[in-house]
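Since the structure is predicted, the reported quantities are computational estimates derived from the model, not experimental observations. Just follow the structure's listing: the first ligand is 1, and inside any ligand the first atom is 1.
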Amino acid sequence: MGIYDKVTQKDLDAGRKYLMSGSVGGGLPICIESGKGAVITDTNGKEYIDCTSQAWTYNIGFSHRKVIEAVKEQIGKITHVRTSFDTVPKLLLCKKLGEMAPKNLKKIGFCLHGSVANESAMKLAMVNRPGGMKFLAPFENYSGRTLATIGVSWPYHPISKLFQPYMENCVRVPNAYCYRCPMGLSYPKCRIACAEYVKTMLERGVEPVYALILEPMQASGGMIDFPKGYLKRLREICDEFGIPLIFDEIQTGFGRMGRMFASELYDVYPDILTFGKAIAGGYPLAGVMMRDDMELPAAASDSYTFAHFPVSFIAAVATLDVLVEEKLPQRAAKTGAYITRRLKQLQKKYEMIGDVRGPGLMIGIELVKSRKTKEPASEATHHIVNEAIHDGVIFGESKFKGIGNVLKIKPPLVLTEAQADRVLEVFEKNVKKQQDKLAKKR
Ligand SMILES: Cc1ncc(COP(=O)(O)O)c(C=O)c1O
């Protein structure tokens, strides 16, 4: 008899009592037992289409046969090997990732969490630009929750404020959040003034800068996609001032936006790229890719006990094969375009749908009380997300910037068209309900 056959509800309730929270925005009332494709099943047998891909990690879908087989083979051999030794999974993954890495981002390092990968990237920038003092990061940037990455993430969140002494490592610059432009301008008339502001800051001598770190599309900060030219202009400015550009592709990487990496989609390449989440099909793995002509750090300056976890490495080898063989980036582009088109049709019908952002299966919908005032419909967003769970669809919810009015649709890239239709149906049903409620209050 296995563990699952013996478990009782009493055991689960007792366990929950001792669990320290630490989850993003509180626990959801679901105990997950299994997953397949884009669907997860709870311990009561109820199924849900998961538009969060469990923290955007299962781009290839849950329980992919190839990953399971690869992992089974590896756990029969050895599960943990210290970073000082080579293993077959490690070298195979380096070969695959090295061949796949954009441009000359051919030096690769590993760890198990995205936050740690971003710290590695920050260290690499420090090695390559000694004498710096601060990092630049745009408003709404999210790079993780280790102490150094909290510093370059949203500053205004009460959680971040607790760690204030560690938040002195960053100077913030305006982001190209065109729906609510921080500079009060509108694109394209603005001529991307937010990027030009970075240049002004550098010219006027803000503290010596180590690097500019940002996500090519800001995910946790509100699903903010940047207008054409923003990233390119930042690249030019970094080149002009000799500042390394770090792209955090922890969410945007591995097909989610319709290309393997967002850098390729925008045709703008960083000096250091961080990856994580979806790389290993549900196993923990993250890391950095750095330009191969940059200086490497001393060996011991960035090393962690489990960083070269062979089980995750072999899972990643299988995952990358699946992404390519099943053409999942292309599929994300197609399904994403379909959902976005349908959402834009719904936008004509529902005042609440303020903005629909993408591309690919990196979809964010900003919900507002009125399109004119753009007042965030935060409570309504929360209700939509919570009620959709009963309808068997789990949406993501952006809780940050203190607004929390962005609903996310970021399912596994294997989502079928029928599942996409169901997601849209549940979305519309719940938006309608909330919109009717708002209308009654007026
Ligand atoms: C863009 C981005 N960077 C970094 C991180 C942190 O990754 P982890 O939670 O694996 O430390 C996240 C996690 O949500 C993320 O979305």
Side-chain angles (χ1 to χ4, degrees), residues 21-25 50-59 109-125 135 137-155 157 159-160 163 166 169-170 175 177 211-226 231 245-257 261-263 265-266 270 272-289 302 304 306-307 309 312 315-316 319 357 360-364 396-401 406 408-410:
S21 175
S23 64
V24 178
D50 184 9
C51 294
T52 72
S53 306
Q54 293 307 300
W56 344 112
T57 58
Y58 279 100
N59 286 10
F110 296 102
C111 56
L112 296 184
H113 292 277
S115 312
V116 180
N118 279 327
E119 290 219 8
S120 298
M122 291 164 80
K123 285 184 192 163
L124 290 170
F135 289 87
F139 303 158
E140 273 77 71
N141 185 63
Y142 179 74
S143 292
R145 287 190 206 188
T146 54
L147 287 171
T149 55
I150 280 176
V152 295
S153 300
W154 343 279
H157 194 271
I159 299 168
S160 303
F163 306 112
Y166 290 92
N169 61 355
C170 181
N175 56 348
Y177 181 10
L212 167 62
I213 179 166
L214 76 157
E215 308 155 73
M217 173 167 171
Q218 294 185 306
S220 302
M223 298 300 290
I224 300 165
D225 59 332
F226 299 133
L231 294 174
L245 177 63
I246 304 171
F247 275 177
D248 172 345
E249 289 235 30
I250 286 160
Q251 279 211 35
T252 56
F254 306 109
R256 179 146 299 281
M257 294 182 73
F261 296 99
S263 314
L265 179 72
Y266 294 113
I272 303 168
L273 182 153
T274 57
F275 59 84
K277 293 201 184 272
I279 181 174
Y283 285 80
L285 189 61
V288 291
M289 294 172 175
D302 202 40
Y304 306 94
F306 285 107
F309 190 41
S312 290
T319 300
R357 305 195 275 262
L361 284 171
M362 183 82 176
I363 299 170
E397 184 183 0
S398 177
K399 301 194 175 60
F400 294 100
K401 201 177 181 300
V406 178
K408 305 179 194 175
I409 302 182
K410 302 196 270 182

Trainee: Taking a 3.5 Å cut-off between nitrogen or oxygen atoms, can you list every pair linking ligand 1 to the protein, with distances?
Mentor:
residue: ligand 1; atom: 3 (N); partner: D248; partner atom: OD1; Å: 3.4
residue: ligand 1; atom: 3 (N); partner: D248; partner atom: OD2; Å: 2.6
residue: ligand 1; atom: 7 (O); partner: S115; partner atom: N; Å: 3.4
residue: ligand 1; atom: 10 (O); partner: G114; partner atom: N; Å: 2.8
residue: ligand 1; atom: 11 (O); partner: G114; partner atom: N; Å: 3.3
residue: ligand 1; atom: 11 (O); partner: S115; partner atom: N; Å: 2.8
residue: ligand 1; atom: 11 (O); partner: S115; partner atom: OG; Å: 2.5
residue: ligand 1; atom: 14 (O); partner: K277; partner atom: NZ; Å: 2.9
residue: ligand 1; atom: 16 (O); partner: Q251; partner atom: NE2; Å: 2.9

Trainee: Does either side chain, that of E215 or that of T252, offer a donor lying less than 3.5 Å from an acceptor on the other one?
Mentor: no
Trainee: Restricting to ring-ring contact (aromatic ring centres under 6.0 Å, His included), what partner residues turn up for Y166, sequence neighbours left out?
Mentor: none
Trainee: Residues in side chain to side chain contact (heavy atoms under 4.5 Å, CB included) with S120, at least two apart?
Mentor: V288, D302
Trainee: Counting only pairs under 3.5 Å, give me each side-chain donor-acceptor contact of residues 274-285, with atom names and distances, residues two or more places apart or in other chains.
Mentor:
residue: T274; atom: OG1; partner: N118; partner atom: OD1; Å: 2.9
residue: K277; atom: NZ; partner: A55; partner atom: O; Å: 3.3

Trainee: How many angstroms lie between OG1 in T319 and OH in Y58, if you round to the nearest 0.5 Å?
Mentor: 10.0 Å
Trainee: Within the 4.5 Å heavy-atom criterion, are L231 and L245 side-chain neighbours or not?
Mentor: no
